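What follows is a single structure, written as structure tokens, with notes after it.
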Amino acid sequence: PRDRTTPPPTEAGGAPAPKLERTPTLTNDSVVELVEAGFSEGTIIRRIEQSPVEFDLAPTKLDELRKRRVTEPVIAAMRSAMGEGSEPDARPER
């Protein structure tokens, strides 16, 4: 039996925030920061899947990410978070 005076923290659209700060929108720079901070690939990918994202996946930006040690699986997660390169039946290419 829960105390009904406080609404559950999931009111504003979605899951309660994890114990991290709040969930900032991830950008290319924030992914690079996670890589440089030494987070594992799996942790970064989970973070990408659970956060709002605003990546710039232009070819020049992707080159920059690779130069900064962002791995292909992380880039793939960034693409799918942006709705690119996901399952072909999910959204047709053209």
Side-chain angles (χ1 to χ4, degrees):
R2 272 171 32 66
D3 136 35
R4 291 213 173 95
T5 54
T6 49
T10 54
E11 294 280 284
K19 278 184 271 308
L20 307 156
E21 326 74 71
R22 55 196 196 306
T23 315
T25 299
L26 291 180
T27 60
N28 293 33
D29 291 342
S30 44
V31 170
V32 168
E33 283 166 23
L34 291 170
V35 170
E36 288 175 349
F39 286 95
S40 74
E41 201 171 77
T43 301
I44 296 170
I45 290 170
R46 240 189 333 279
R47 197 69 175 271
I48 290 169
E49 289 168 346
Q50 293 168 354
S51 306
V53 298
E54 218 164 278
F55 299 128
D56 183 345
L57 300 175
T60 53
K61 297 291 186 179
L62 291 174
D63 290 345
E64 205 175 290
L65 289 169
R66 292 184 180 103
K67 283 192 190 102
R68 308 203 45 197
R69 305 197 322 271
V70 177
T71 59
E72 289 304 318
V74 171
I75 290 172
M78 291 168 74
R79 280 184 204 272
S80 72
M82 290 294 286
E84 291 182 19
S86 48
E87 316 77 67
D89 56 330
R91 65 163 69 189
E93 280 306 306
R94 304 238 178 298

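We use all heavy atoms of the structure for the numbers below, so side chains are in, but hydrogens, waters and symmetry mates are not. Computed from a predicted structure; not experimentally measured. Count residues from 1 along the sequence.
Taken from CG in Leu65 to OG1 in Thr60, the straight-line distance is 9.5 Å, to the nearest 0.5 Å. Atoms CG and CZ, from Asp29 and Arg68 in turn, are 6.5 Å apart once rounded to the nearest 0.5 Å. With values rounded to the nearest 0.5 angstrom, Arg79 atom CZ is found 5.0 Å from Leu62 atom CG. We find the CD1-CG distance between Ile45 and Leu34 to be 11.5 Å, quoted to the nearest 0.5 Å.
Summarising the geometry of Val53 relative to Met82, their closest heavy-atom pair is CG2-SD, 3.8 Å, with the distance given to 0.1 Å. Across Thr27 and Ser30, no two heavy atoms sit closer than the pair N-OG, 2.6 Å. Taking all atoms of both residues into account, the shortest heavy-atom contact from Arg47 to Leu26 is O-CD1, 3.7 Å. Here the closest non-hydrogen pair linking Pro24 and Ser51 is O-CB, 4.2 Å.
Ser80 contributes a side-chain N or O that, together with a main-chain N or O of Ala77, makes up a donor-acceptor pair within less than 3.5 Å.
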message: Test side chain to side chain donor-acceptor pair (under 3.5 Å) on Glu54 and Thr25; report intermediate values, then the result.
response: CA-CA 7 Å; Glu54 218 164 278; Thr25 299; 5.3 Å; no
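When side chains are defined from C-beta on, Ile44 does not count as touching Glu41, because their heavy atoms never get closer than 4.5 Å. Side-chain atoms of Asn28 and Glu64, non-hydrogen and from C-beta on, never get closer than 4.5 Å to each other. Contact check for Met78 versus Leu57: side-chain heavy atoms found under the 4.5 Å cut-off.
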